[in-house]
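Let me begin by presenting the structure, written as C-alpha coordinates, before commenting on it.
Owing to the predicted nature of the structure, the values given are computational and were not obtained by experimental measurement.
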Amino acid sequence: MRRKGIKIKRNHKNLYKKRKSTGRKVAEAVLLIIIVGALIFLGYSVAPAVINFFNERAESSSQESEPVWTPPVSVDSESSDSSQPPETDEPVESTPDEVQEVTLVAPLIALDSAQALKNYLDSVKDSCTTVVFTLKNEDGELLYKSTVKTAQEDYALIGKLTLQQIVSACNEAGVKPAAAFNTLLDRTTPHLISKSSYRATEGWMWLDNSIDRGGKPWTSPLVSETGEYFAELTAEIAGAGFEVILLQNTMYPNFRAYDYNLLPSNVRAADRSDRLAEVLAACAAGAKGAQSYAEIDAADLLAASVTDYDGTAEVWQSIGKAAGCKVIINIDTALFGTSVTAGKNEIKVNKNPQSAIPQLIGEIKKITGSTEIGIRISGNISDADLMQSIVQGVGIDTVMVG
(Lines give C-alpha, C1' and ligand atoms only; values in the text may rest on other atoms or scores of the structure.)
Protein backbone atom coordinates (compact mmCIF):
# COMPACT_ATOMS: atom_id res chain seq x y z
CA MET A 1 0.00 0.00 0.00
CA ARG A 2 1.43 3.28 -1.00
CA ARG A 3 1.75 5.77 1.79
CA LYS A 4 0.54 9.24 1.24
CA GLY A 5 3.08 12.04 1.65
CA ILE A 6 2.62 14.51 4.48
CA LYS A 7 2.15 18.04 3.37
CA ILE A 8 4.15 20.68 5.23
CA LYS A 9 2.96 24.25 5.15
CA ARG A 10 5.98 26.56 5.32
CA ASN A 11 5.69 30.04 6.88
CA HIS A 12 8.35 32.46 5.71
CA LYS A 13 7.91 34.98 8.58
CA ASN A 14 10.81 35.48 11.09
CA LEU A 15 9.67 34.18 14.47
CA TYR A 16 12.63 35.76 16.41
CA LYS A 17 12.53 39.29 15.10
CA LYS A 18 9.41 41.08 14.32
CA ARG A 19 9.63 44.56 12.81
CA LYS A 20 8.47 47.24 15.28
CA SER A 21 6.67 50.41 14.35
CA THR A 22 8.37 53.82 14.75
CA GLY A 23 5.92 54.96 17.41
CA ARG A 24 6.58 51.93 19.54
CA LYS A 25 10.34 52.51 19.38
CA VAL A 26 9.99 56.08 20.59
CA ALA A 27 7.75 55.03 23.48
CA GLU A 28 10.25 52.35 24.64
CA ALA A 29 13.15 54.81 24.57
CA VAL A 30 11.26 57.34 26.68
CA LEU A 31 10.31 54.66 29.18
CA LEU A 32 13.95 53.49 29.49
CA ILE A 33 15.16 57.02 30.22
CA ILE A 34 12.55 57.43 32.95
CA ILE A 35 13.57 54.13 34.59
CA VAL A 36 17.30 54.95 34.55
CA GLY A 37 16.69 58.40 36.01
CA ALA A 38 14.57 56.93 38.77
CA LEU A 39 17.30 54.42 39.67
CA ILE A 40 19.95 57.14 39.80
CA PHE A 41 17.80 59.32 42.05
CA LEU A 42 17.05 56.38 44.30
CA GLY A 43 20.77 55.46 44.55
CA TYR A 44 21.85 58.93 45.69
CA SER A 45 19.04 59.12 48.19
CA VAL A 46 19.32 55.69 49.80
CA ALA A 47 23.09 54.84 49.48
CA PRO A 48 24.40 56.86 52.52
CA ALA A 49 21.85 55.31 54.83
CA VAL A 50 22.67 51.83 53.55
CA ILE A 51 26.43 52.36 53.96
CA ASN A 52 26.01 53.67 57.52
CA PHE A 53 23.80 50.71 58.33
CA PHE A 54 26.40 48.17 57.20
CA ASN A 55 29.27 50.07 58.91
CA GLU A 56 27.41 50.04 62.20
CA ARG A 57 26.74 46.33 61.82
CA ALA A 58 30.44 45.68 61.11
CA GLU A 59 31.60 47.70 64.15
CA SER A 60 29.07 45.97 66.36
CA SER A 61 30.20 42.57 65.13
CA SER A 62 33.89 43.45 65.71
CA GLN A 63 33.30 44.62 69.26
CA GLU A 64 31.30 41.54 70.12
CA SER A 65 34.10 39.27 68.82
CA GLU A 66 36.87 40.81 71.04
CA PRO A 67 37.64 38.74 74.16
CA VAL A 68 36.74 40.28 77.46
CA TRP A 69 39.58 40.40 80.05
CA THR A 70 38.87 38.62 83.28
CA PRO A 71 41.15 38.54 86.33
CA PRO A 72 43.15 35.35 86.84
CA VAL A 73 41.46 32.76 89.00
CA SER A 74 43.49 31.78 92.05
CA VAL A 75 44.43 28.15 92.27
CA ASP A 76 45.02 26.16 95.42
CA SER A 77 48.70 25.77 96.21
CA GLU A 78 48.36 22.00 96.09
CA SER A 79 47.27 22.02 92.46
CA SER A 80 49.48 24.86 91.23
CA ASP A 81 52.64 24.28 89.21
CA SER A 82 55.54 25.00 91.55
CA SER A 83 57.88 25.65 88.62
CA GLN A 84 55.99 28.81 87.70
CA PRO A 85 56.61 31.94 89.79
CA PRO A 86 53.49 33.37 91.45
CA GLU A 87 51.95 36.43 89.86
CA THR A 88 52.25 39.63 91.84
CA ASP A 89 51.20 43.22 91.43
CA GLU A 90 54.24 44.52 93.30
CA PRO A 91 56.66 46.54 91.12
CA VAL A 92 59.97 44.89 90.30
CA GLU A 93 62.97 46.98 91.28
CA SER A 94 65.61 47.22 88.56
CA THR A 95 69.16 46.45 89.69
CA PRO A 96 71.75 49.13 88.92
CA ASP A 97 74.38 48.46 86.28
CA GLU A 98 77.61 46.98 87.60
CA VAL A 99 80.41 49.48 88.17
CA GLN A 100 82.92 49.27 85.31
CA GLU A 101 86.38 48.26 86.56
CA VAL A 102 89.05 50.52 85.06
CA THR A 103 92.69 49.93 86.00
CA LEU A 104 95.42 52.48 85.23
CA VAL A 105 99.19 52.05 85.66
CA ALA A 106 100.66 55.11 87.35
CA PRO A 107 103.88 56.76 86.13
CA LEU A 108 106.91 56.40 88.39
CA ILE A 109 106.85 60.08 89.34
CA ALA A 110 103.52 59.53 91.14
CA LEU A 111 105.50 58.20 94.12
CA ASP A 112 108.08 61.01 94.24
CA SER A 113 106.34 62.60 97.22
CA ALA A 114 103.08 62.68 99.16
CA GLN A 115 101.99 65.76 97.20
CA ALA A 116 102.88 64.17 93.85
CA LEU A 117 100.81 61.13 94.80
CA LYS A 118 97.84 63.26 95.81
CA ASN A 119 98.03 65.32 92.62
CA TYR A 120 98.09 62.19 90.48
CA LEU A 121 95.21 60.51 92.29
CA ASP A 122 93.13 63.69 92.07
CA SER A 123 93.67 63.69 88.31
CA VAL A 124 92.51 60.09 87.75
CA LYS A 125 90.12 59.21 90.58
CA ASP A 126 87.05 60.07 88.48
CA SER A 127 88.14 57.89 85.56
CA CYS A 128 89.39 54.68 87.20
CA THR A 129 88.70 52.23 90.00
CA THR A 130 92.23 50.81 90.50
CA VAL A 131 95.73 52.28 90.20
CA VAL A 132 98.87 50.15 89.74
CA PHE A 133 102.05 51.56 91.30
CA THR A 134 105.51 50.23 90.42
CA LEU A 135 106.96 49.25 93.80
CA LYS A 136 110.04 47.38 92.51
CA ASN A 137 111.58 48.73 89.33
CA GLU A 138 113.68 47.14 86.58
CA ASP A 139 116.85 47.87 88.51
CA GLY A 140 115.50 45.94 91.50
CA GLU A 141 115.15 49.08 93.60
CA LEU A 142 112.19 49.45 95.94
CA LEU A 143 110.11 52.58 95.36
CA TYR A 144 108.72 52.53 98.89
CA LYS A 145 110.13 52.34 102.41
CA SER A 146 110.33 48.61 103.11
CA THR A 147 110.56 47.02 106.52
CA VAL A 148 112.06 43.77 105.16
CA LYS A 149 115.46 43.31 106.78
CA THR A 150 117.25 42.16 103.62
CA ALA A 151 116.21 45.35 101.85
CA GLN A 152 117.69 47.67 104.46
CA GLU A 153 120.41 49.07 102.21
CA ASP A 154 120.65 52.66 101.06
CA TYR A 155 120.99 51.80 97.38
CA ALA A 156 118.10 49.31 97.52
CA LEU A 157 115.57 51.75 98.97
CA ILE A 158 114.91 54.86 96.91
CA GLY A 159 111.24 55.27 97.81
CA LYS A 160 110.11 58.22 99.93
CA LEU A 161 106.69 56.91 101.01
CA THR A 162 105.61 53.96 103.09
CA LEU A 163 103.12 51.42 101.81
CA GLN A 164 100.64 52.68 104.39
CA GLN A 165 100.91 56.23 103.04
CA ILE A 166 100.22 55.02 99.50
CA VAL A 167 97.23 52.92 100.54
CA SER A 168 95.84 55.72 102.70
CA ALA A 169 96.05 58.20 99.83
CA CYS A 170 94.25 55.73 97.53
CA ASN A 171 91.50 55.20 100.09
CA GLU A 172 90.97 58.94 100.40
CA ALA A 173 90.72 59.21 96.61
CA GLY A 174 88.30 56.29 96.43
CA VAL A 175 90.50 54.01 94.30
CA LYS A 176 92.02 50.58 94.98
CA PRO A 177 95.83 50.25 95.13
CA ALA A 178 97.67 47.61 93.09
CA ALA A 179 101.38 46.89 92.66
CA ALA A 180 103.77 46.22 89.79
CA PHE A 181 106.74 44.12 90.92
CA ASN A 182 109.72 43.46 88.63
CA THR A 183 111.20 40.08 89.48
CA LEU A 184 114.35 38.77 87.76
CA LEU A 185 115.32 41.80 85.70
CA ASP A 186 117.07 43.01 88.83
CA ARG A 187 120.66 44.16 89.32
CA THR A 188 120.19 45.14 92.98
CA THR A 189 119.25 41.86 94.66
CA PRO A 190 122.53 40.11 93.68
CA HIS A 191 124.31 42.71 95.86
CA LEU A 192 121.91 42.06 98.75
CA ILE A 193 121.96 38.26 98.44
CA SER A 194 125.15 37.04 96.78
CA LYS A 195 123.74 33.60 96.06
CA SER A 196 120.92 35.12 94.00
CA SER A 197 123.24 36.15 91.15
CA TYR A 198 124.45 34.08 88.21
CA ARG A 199 127.88 32.79 89.06
CA ALA A 200 130.56 31.60 86.69
CA THR A 201 131.98 28.16 87.35
CA GLU A 202 135.07 29.92 88.71
CA GLY A 203 132.94 31.68 91.33
CA TRP A 204 132.75 35.30 90.16
CA MET A 205 129.52 37.22 89.51
CA TRP A 206 128.35 37.06 85.90
CA LEU A 207 127.41 40.31 84.11
CA ASP A 208 125.36 40.63 80.93
CA ASN A 209 128.13 42.72 79.32
CA SER A 210 131.48 44.20 80.13
CA ILE A 211 131.50 46.85 82.83
CA ASP A 212 132.64 49.59 80.43
CA ARG A 213 129.56 48.80 78.29
CA GLY A 214 127.11 48.98 81.13
CA GLY A 215 127.18 45.31 82.08
CA LYS A 216 125.02 44.41 85.06
CA PRO A 217 124.15 41.31 87.06
CA TRP A 218 120.75 39.59 86.95
CA THR A 219 118.83 37.82 89.68
CA SER A 220 118.73 34.06 89.10
CA PRO A 221 115.68 31.82 89.53
CA LEU A 222 117.95 28.81 90.02
CA VAL A 223 118.43 29.31 93.76
CA SER A 224 115.81 29.19 96.50
CA GLU A 225 117.05 32.42 98.12
CA THR A 226 115.58 34.44 95.24
CA GLY A 227 112.03 33.18 95.72
CA GLU A 228 112.29 33.53 99.49
CA TYR A 229 113.33 37.18 99.32
CA PHE A 230 110.68 38.07 96.75
CA ALA A 231 108.02 36.32 98.85
CA GLU A 232 108.95 38.51 101.84
CA LEU A 233 108.43 41.61 99.73
CA THR A 234 105.11 40.51 98.21
CA ALA A 235 103.85 39.54 101.66
CA GLU A 236 104.68 43.04 102.89
CA ILE A 237 102.92 44.61 99.91
CA ALA A 238 99.79 42.48 100.13
CA GLY A 239 99.65 42.91 103.90
CA ALA A 240 99.55 46.68 103.50
CA GLY A 241 96.34 46.48 101.46
CA PHE A 242 97.40 46.05 97.81
CA GLU A 243 94.80 43.74 96.22
CA VAL A 244 96.63 42.98 92.95
CA ILE A 245 100.33 42.32 92.29
CA LEU A 246 101.60 42.33 88.71
CA LEU A 247 104.77 40.19 88.47
CA GLN A 248 106.91 41.44 85.58
CA ASN A 249 110.06 40.39 83.71
CA THR A 250 110.23 36.83 85.03
CA MET A 251 112.84 35.69 82.51
CA TYR A 252 116.41 34.67 81.85
CA PRO A 253 119.03 36.94 80.29
CA ASN A 254 119.72 36.48 76.60
CA PHE A 255 122.76 34.31 77.11
CA ARG A 256 125.32 34.12 74.32
CA ALA A 257 127.24 30.98 73.40
CA TYR A 258 130.25 32.43 75.20
CA ASP A 259 128.16 32.82 78.39
CA TYR A 260 127.11 29.18 78.36
CA ASN A 261 130.76 28.21 78.41
CA LEU A 262 131.25 30.25 81.59
CA LEU A 263 128.10 29.30 83.52
CA PRO A 264 126.95 26.02 85.11
CA SER A 265 124.97 23.64 82.92
CA ASN A 266 121.69 24.25 84.75
CA VAL A 267 121.25 27.58 82.96
CA ARG A 268 120.36 25.63 79.82
CA ALA A 269 118.57 22.65 81.36
CA ALA A 270 115.48 21.38 79.54
CA ASP A 271 113.26 22.20 82.51
CA ARG A 272 114.62 25.66 83.21
CA SER A 273 111.20 27.21 82.52
CA ASP A 274 109.99 25.38 85.65
CA ARG A 275 112.40 27.49 87.71
CA LEU A 276 110.70 30.65 86.40
CA ALA A 277 107.30 29.28 87.39
CA GLU A 278 108.63 28.49 90.87
CA VAL A 279 109.60 32.14 91.37
CA LEU A 280 106.10 33.23 90.40
CA ALA A 281 104.55 30.66 92.73
CA ALA A 282 106.74 31.88 95.63
CA CYS A 283 105.66 35.48 95.01
CA ALA A 284 101.99 34.47 94.87
CA ALA A 285 102.31 32.44 98.06
CA GLY A 286 103.83 35.43 99.85
CA ALA A 287 101.07 37.72 98.56
CA LYS A 288 98.36 35.77 100.36
CA GLY A 289 95.07 37.67 100.09
CA ALA A 290 96.04 39.47 96.88
CA GLN A 291 95.71 38.26 93.30
CA SER A 292 99.04 37.77 91.51
CA TYR A 293 99.42 38.06 87.74
CA ALA A 294 102.35 36.85 85.63
CA GLU A 295 102.93 39.42 82.91
CA ILE A 296 104.07 38.15 79.48
CA ASP A 297 104.95 40.45 76.62
CA ALA A 298 102.77 39.94 73.54
CA ALA A 299 105.67 40.30 71.10
CA ASP A 300 107.65 37.63 72.99
CA LEU A 301 104.69 35.26 73.07
CA LEU A 302 103.85 35.61 69.37
CA ALA A 303 107.46 35.13 68.28
CA ALA A 304 108.33 32.37 70.77
CA SER A 305 108.03 29.50 68.29
CA VAL A 306 110.46 31.04 65.78
CA THR A 307 113.10 32.66 68.00
CA ASP A 308 115.93 31.23 70.09
CA TYR A 309 115.28 33.60 72.99
CA ASP A 310 111.71 33.71 74.30
CA GLY A 311 112.21 36.41 76.94
CA THR A 312 109.12 36.83 79.13
CA ALA A 313 107.28 34.15 77.12
CA GLU A 314 109.51 31.28 78.22
CA VAL A 315 107.54 30.85 81.44
CA TRP A 316 104.43 30.10 79.36
CA GLN A 317 105.79 26.57 78.87
CA SER A 318 105.41 25.96 82.63
CA ILE A 319 102.65 28.42 83.50
CA GLY A 320 100.56 25.62 85.01
CA LYS A 321 103.20 25.30 87.74
CA ALA A 322 102.97 28.97 88.73
CA ALA A 323 100.46 28.23 91.49
CA GLY A 324 98.31 31.17 92.52
CA CYS A 325 99.08 33.21 89.40
CA LYS A 326 96.85 34.31 86.58
CA VAL A 327 98.25 35.54 83.26
CA ILE A 328 98.16 39.02 81.78
CA ILE A 329 99.53 39.76 78.29
CA ASN A 330 101.15 43.15 77.72
CA ILE A 331 100.46 44.69 74.29
CA ASP A 332 102.76 47.65 73.65
CA THR A 333 101.32 50.26 71.28
CA ALA A 334 104.71 50.22 69.53
CA LEU A 335 103.47 47.04 67.79
CA PHE A 336 100.74 48.97 65.95
CA GLY A 337 101.60 49.39 62.28
CA THR A 338 104.49 46.90 62.37
CA SER A 339 105.00 43.32 61.21
CA VAL A 340 105.13 40.50 63.74
CA THR A 341 106.27 36.95 63.04
CA ALA A 342 103.99 34.37 64.62
CA GLY A 343 104.87 30.81 63.73
CA LYS A 344 104.94 30.53 59.95
CA ASN A 345 102.89 33.68 59.47
CA GLU A 346 103.97 37.27 59.10
CA ILE A 347 101.30 39.43 60.74
CA LYS A 348 100.93 42.99 59.50
CA VAL A 349 99.48 44.76 62.50
CA ASN A 350 96.96 47.49 61.75
CA LYS A 351 97.93 51.06 62.71
CA ASN A 352 94.48 51.85 64.10
CA PRO A 353 94.15 50.71 67.75
CA GLN A 354 90.49 49.79 67.18
CA SER A 355 91.63 47.21 64.62
CA ALA A 356 95.12 46.38 65.93
CA ILE A 357 94.08 45.38 69.44
CA PRO A 358 91.40 42.83 68.41
CA GLN A 359 93.78 41.55 65.71
CA LEU A 360 96.61 40.94 68.20
CA ILE A 361 94.30 39.45 70.83
CA GLY A 362 93.01 37.03 68.20
CA GLU A 363 96.57 35.88 67.46
CA ILE A 364 97.37 35.63 71.16
CA LYS A 365 94.33 33.44 71.82
CA LYS A 366 95.54 31.00 69.18
CA ILE A 367 98.44 30.33 71.55
CA THR A 368 96.78 30.64 74.96
CA GLY A 369 93.68 28.66 73.96
CA SER A 370 91.24 28.16 76.81
CA THR A 371 93.57 29.64 79.45
CA GLU A 372 92.03 32.71 81.03
CA ILE A 373 94.09 35.82 80.27
CA GLY A 374 94.01 39.52 81.00
CA ILE A 375 95.35 42.25 78.75
CA ARG A 376 97.52 45.25 79.53
CA ILE A 377 97.94 48.05 76.98
CA SER A 378 101.18 49.96 77.49
CA GLY A 379 103.21 52.49 75.55
CA ASN A 380 101.83 55.64 73.98
CA ILE A 381 98.34 55.95 75.46
CA SER A 382 96.30 58.98 74.43
CA ASP A 383 92.86 57.71 75.41
CA ALA A 384 92.79 55.19 78.26
CA ASP A 385 89.00 54.85 78.18
CA LEU A 386 89.09 53.96 74.48
CA MET A 387 91.77 51.31 75.04
CA GLN A 388 89.77 49.85 77.90
CA SER A 389 86.57 49.61 75.86
CA ILE A 390 88.33 48.08 72.83
CA VAL A 391 89.83 45.27 74.92
CA GLN A 392 86.58 44.57 76.75
CA GLY A 393 84.79 44.57 73.41
CA VAL A 394 86.56 41.32 72.47
CA GLY A 395 85.58 39.57 75.69
CA ILE A 396 88.52 40.30 78.03
CA ASP A 397 87.46 41.18 81.57
CA THR A 398 90.83 41.95 83.19
CA VAL A 399 92.29 45.07 81.58
CA MET A 400 95.14 47.37 82.62
CA VAL A 401 96.08 50.53 80.76
CA GLY A 402 99.40 52.34 81.12
- Between Gln248 and Ala180, which heavy-atom pair has the shortest distance, and what is it? OE1-CB, 3.8 Å
- Item | Cys283 backbone acceptor or donor facing Thr234 side chain under 3.5 Å | yes
- Item | Side chains of Glu278 and Lys321 in contact at under 4.5 Å (non-hydrogen atoms) | no
- Item | Nearest heavy-atom neighbours spanning Ala282 and Ala231 | O-CB, 3.4 Å
- Message: Strictly below 4.0 Å, N to O, side chains only: are Arg272 and Glu314 in salt-bridge contact?
- Response: yes
- Are Met387 and Val399 side-chain neighbours, meaning at least one heavy-atom pair lies under 4.5 Å? no
- Query: With a 4.5 Å limit on heavy-atom distance, are the side chains of Asn249 and Phe181 in contact?
  - Reply: no
- Message: Within the 3.5 Å criterion, strictly below it, is a donor on Glu236 or Thr147 matched to an acceptor on the partner's side chain?
- Response: yes
- Task: Determine the minimum heavy-atom distance between Val167 and Pro177, stating which atoms define it.
- Result: CG2-CG, 4.1 Å
- Does CD in Glu346 sit with more than 12 non-hydrogen atoms of other residues, nucleotides or ligands closer than 6.0 Å? yes
- Item | Candidate pair Ser196 and Thr189, rule side chain to side chain donor-acceptor pair (under 3.5 Å), full reasoning | CA-CA 7 Å; Ser196 69; Thr189 298; 5.7 Å; no
- Task: Report yes if the side chains of Leu121 and Val131 come closer than 4.5 Å at any heavy-atom pair, otherwise no.
- Result: yes
- Please assess Ile367 against Glu363 for the test side chain to side chain contact (heavy atoms under 4.5 Å, CB included), listing each intermediate value before the final yes or no. CA-CA 7 Å; Ile367 299 172; Glu363 296 296 331; over 6 Å; no
- Test Gln359 against every option in Ile347, Ile364, Asn352 by the side-chain contact (heavy atoms from CB on, under 4.5 Å) rule and name the one that passes. Ile347
- Please confirm whether the backbone N or O of Ala303 pairs with a side-chain atom of Thr307, one donor and one acceptor, at under 3.5 Å? yes
- Under 3.5 Å donor-acceptor, Glu172 side chain and Ala169 backbone: no
- Got a donor-acceptor contact below 3.5 angstrom from the Gln152 side chain to the Ser146 backbone? yes
- Message: In the structure I gave you, are the side-chain heavy atoms of Thr398 and Tyr293 within less than 4.5 Å of one another anywhere?
- Response: yes
- Query: Side chain of Thr201, backbone of Pro264: donor and acceptor closer than 3.5 Å?
  - Reply: no
- Under 3.5 Å, side chain of Asn119 to main-chain N/O of Ala116, donor-acceptor pair present? no
- Task: Kindly say whether Asp297 contributes a backbone atom to a donor-acceptor pair with the side chain of Thr312 at under 3.5 angstrom?
- Result: yes
- Please determine, by modelled atom types, if Arg199 and Ser197 share a side-chain donor-acceptor pair under 3.5 angstrom. yes
- State yes or no: are the ring centers of Trp206 and Phe255 separated by less than 6.0 Å? yes
- Item | Within 6.0 Å of CG in Asp212, more than 12 heavy atoms from elsewhere | yes
- Query: Quick one: does Leu163's side chain get under 4.5 Å of Ile237's, heavy atoms only?
  - Reply: yes
- Query: Any donor and acceptor pair, going by atom type alone, linking the side chain of Tyr309 with main-chain N or O of Tyr252 inside 3.5 Å?
  - Reply: yes
- Donor-acceptor contact below 3.5 Å, side chain Asp383 vs main chain Leu386: yes
- Among Arg187, Arg256, Lys216, whose salt bridge (Lys or Arg N to Asp or Glu O under 4.0 Å) with Asp208 holds? Lys216
- Item | For Asn330 against Ser378, the heavy-atom pair lying closest together | OD1-OG, 2.8 Å
- Salt bridge between Lys136 and Asp186, side-chain N to carboxylate O under 4.0 Å? yes
- Do the side chains of Val244 and Thr130 get nearer than 4.5 Å, heavy atoms only? no
- Are the side chain of Thr129 and the backbone N or O of Val102 linked by a donor-acceptor pair below 3.5 Å? yes
- What are the two closest non-hydrogen atoms of Pro190 and Thr219, and how far apart are they? CD-OG1, 3.4 Å
- Asn137 versus Leu143: any side-chain heavy-atom pair under 4.5 Å? yes
- Query: At their closest point, which heavy atom of Thr333 faces which heavy atom of Asn380, and how far apart are they?
  - Reply: OG1-N, 2.8 Å
